Amino acid sequence: MEKSKVLVVGGTGYIGRRIVKASLAEGHVTYVLQRPEIGLDIDKLQMLLSFKKHGARLVEASFSDHRSLVHAVKLVDVVICAMSGVHFRSHNLLLQLKLVDAIKDAGNVQRFLPSEFGTDPARMKDAMEPGRVSFDEKMIVRKAIEDANIPFTYISGNCFAGYFAGNLSQMGTLLPPKDKVLIYGDGNVKVVYMDEDDIATYTIKTIDDPRTLNKTVYLRPRENILTQTELIEIWEKLIQKKLDKSFLSKQELLSPMEGLDYASQVGVCHYYHIFYEGCLTNFETGEVGVEASELYPEVNYTRMNDYLKVYL
């Protein structure tokens, strides 16, 4: 079976660059959208040229030029969008509505994967303000996709390890603590930690798979479903040292939120749903979608014991 041709939108971003590499590694003809608004961003340009050196094809298009988007989309079978949806970087999720319009007008796309990759927004209808904005916007995009009868796959990648595992889930840092660690609640809520390269690998696996058509794919490999306490214990074993532990109640997490900037408020809300409510693991995936490691047992995903070794 011939592999689909792929267009990655947001290919220079945190998860997008990994999706480009995974697509090329799996042998897909891979296009990367190059926006003329790149200006003097030399890092992005050099990354795009690096993709080109490794076999990707660059296609110029702008979200302010519908015809250029339609042209780019007509080159491929699958469109994957990896635009940023986090407020402390850049937040452009609703720009995808222009991409949906282009896909609808092009009429040739066999699969669209919008920018999700985290918590399943369909399960977050009761999420707190202002953190729910991310979920609400993703659901607006989903509705547009489904109203346009565009075939889709939604990827729920859960917690990116770079943001949640390397720092033992501490807010405000990306490095593991050396002496003291803060634990949310009792630390025993199950969380899913995923290596970002594995998220990209699983994402590309889905695009030609009929089992994932019009489905949500949950990335919940068994050995990466850990409590925060279990994650800390892995780190303590690696460094052969016990950390001083303090516990943060739900009230202590939420009470200072009004004094925070907007992006921080959004982040606190997400931490609450993940570490206190258990929103990533309080349901069975088979009821609402399919689970990636069951579909693709051949993927040797990164366990957190191995992931954390790079921080030693």
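Source: prediction; values computed, not measured.
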Any chance you could measure [X], atom [atom1], to [Y], atom [atom2], to the nearest 0.5 Å?
| X | Y | atom1 | atom2 | result |
| --- | --- | --- | --- | --- |
| Thr285 | Lys215 | OG1 | NZ | 11.5 Å |
| Asp101 | Leu69 | CG | CG | 9.5 Å |
| Ile80 | Ile19 | CD1 | CD1 | 5.5 Å |
| Arg220 | Glu294 | CZ | CD | 9.5 Å |
| Arg57 | Leu7 | CZ | CG | 12.5 Å |
| Leu58 | Leu49 | CG | CG | 6.5 Å |

For the student: nearest non-hydrogen atoms of [X] and [Y], plus distance:
| X | Y | answer |
| --- | --- | --- |
| Asn214 | Pro151 | OD1-CA, 3.5 Å |
| Leu182 | Gln228 | O-NE2, 2.9 Å |
| Phe117 | Ala82 | CE1-CA, 4.1 Å |
| Val32 | Gly11 | CG1-CA, 4.1 Å |
| Glu116 | Lys138 | O-NZ, 3.5 Å |
| Met304 | Ala165 | SD-CB, 3.7 Å |

Check for a donor-acceptor pair, side chain of [X] on one end and backbone N or O of [Y] on the other, with a separation under 3.5 Å.
| X | Y | answer |
| --- | --- | --- |
| Thr30 | His28 | yes |
| Ser115 | Met83 | yes |
| Asp195 | Thr302 | no |
| Ser23 | Val20 | no |
| Thr119 | Pro121 | no |
| Arg67 | Asp65 | no |
| Ser50 | Gln46 | no |

Considering only heavy atoms from C-beta outward, does the side chain of [X] approach that of [Y] to under 4.5 Å?
| X | Y | answer |
| --- | --- | --- |
| Val78 | Val109 | no |
| Val290 | Tyr218 | no |
| Ile145 | Pro114 | yes |
| Met257 | Ser264 | no |
| Ile103 | Leu99 | yes |
| Met124 | Asp120 | no |
| Tyr31 | Val6 | no |
| Val192 | Cys159 | no |

Would you say the side chains of [X] and [Y] form a donor-acceptor pair under 3.5 Å?
| X | Y | result |
| --- | --- | --- |
| Tyr271 | Ser169 | no |
| Thr212 | Thr206 | no |
| Asp208 | Ser4 | yes |
| Ser249 | Glu252 | yes |
| Thr229 | Thr227 | no |

Exercise for the section: List the steps and the verdict of salt bridge (Lys or Arg N to Asp or Glu O under 4.0 Å) for Lys245 and Glu236. Expected result: CA-CA 12 Å; Lys245 300 173 181 67; Glu236 288 178 327; 2.6 Å; yes

Handout entry: Crowding at NZ, Lys190 (>12 non-hydrogen neighbours, <6.0 Å)
Key =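 Enclosed: over 12 neighbouring heavy atoms sit under 6.0 Å from NZ of Lys190.
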
Handout entry: Heavy atoms from other residues, nucleotides or ligands near CG of Asn282 exceed 12 (cutoff 6.0 Å)
Key =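 Counting neighbours around CG of Asn282, more than 12 heavy atoms of other residues, nucleotides or ligands fall under 6.0 Å, so yes.
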
Linking I/L/V/M/F/W/Y whenever their side-chain heavy atoms sit closer than 4.5 Å, directly or via other members, would [X] and [Y] fall into one cluster?
| X | Y | result |
| --- | --- | --- |
| Val189 | Met128 | no |
| Phe63 | Val76 | yes |
| Val59 | Val100 | yes |
| Val79 | Leu93 | no |
| Ile150 | Val217 | no |

Exercise for the section: Apply side chain to side chain contact (heavy atoms under 4.5 Å, CB included) to the pair Thr216 and Val288, showing each step before the final yes or no. Expected result: CA-CA 7 Å; Thr216 298; Val288 287; over 6 Å; no

Is any NZ, NE, NH1 or NH2 atom of the basic residue among [X] and [Y] found under 4.0 Å from an Asp or Glu carboxylate oxygen of the other?
| X | Y | result |
| --- | --- | --- |
| Asp209 | Arg211 | yes |
| Lys205 | Glu298 | yes |
| Asp136 | Lys125 | no |
| Lys3 | Asp77 | no |
| Lys309 | Asp306 | yes |
| Glu37 | Lys44 | no |

Practice task
For a side chain to side chain contact (heavy atoms under 4.5 Å, CB included) with Phe51, tell me which candidate from His54, Met47, Lys53 qualifies.
Solution key: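 Checked His54, Met47, Lys53 against Phe51; only one passes side chain to side chain contact (heavy atoms under 4.5 Å, CB included): Met47.
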
Practice task
Report the C-alpha separation of Met171 and Leu253 in whole Å, then their side-chain angles, then the decisive distance to 0.1 Å, and conclude whether the side chain to side chain contact (heavy atoms under 4.5 Å, CB included) test is met.
Solution key: CA-CA 11 Å; Met171 286 187 280; Leu253 175 79; 3.6 Å; yes

Problem - Qualifying residues under side chain to side chain contact (heavy atoms under 4.5 Å, CB included), relative to Glu196, sequence neighbours excluded - result: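 Expected list: Tyr14, Ile15, Arg18, Phe160, Ala161, Tyr307.
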
Problem - side chain to side chain contact (heavy atoms under 4.5 Å, CB included) against Glu287, all qualifying residues, sequence neighbours excluded - result: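 Residues passing side chain to side chain contact (heavy atoms under 4.5 Å, CB included) with Glu287: Glu284.
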
Exercise for the section: Assess whether side chain to side chain contact (heavy atoms under 4.5 Å, CB included) is satisfied between Ile234 and Leu226, documenting all intermediate values. Expected result: CA-CA 10 Å; Ile234 291 172; Leu226 302 166; 4.0 Å; yes

Handout entry: Residue pairs fulfilling salt bridge (Lys or Arg N to Asp or Glu O under 4.0 Å) with at least one residue in residues 152-171, sequence neighbours excluded
Key =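 Listed once each, the pairs would be none.
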
Exercise for the section: Would you please indicate if the ring centroids of Tyr154 and Phe112 are separated by under 6.0 Å? Expected result: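 No.
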
Exercise for the section: Could you check whether the rings of Trp235 and Tyr311 sit parallel, tilted or perpendicular, using 30° and 60° as the cut-offs? Expected result: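 Because their plane-to-plane angle is over 60°, the rings of Trp235 and Tyr311 count as perpendicular.
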
Exercise for the section: Indicate the ring-plane relationship of His273 and Phe135, choosing parallel, tilted or perpendicular according to the 30° and 60° boundaries. Expected result: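 Ring orientation, 0 to 90° scale: perpendicular.
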
Problem - Lys NZ or Arg CZ of Arg123 over Phe283 ring: under 6.0 Å, within 45° - result: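 Flagged: Arg123 positioned over aromatic ring of Phe283.
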
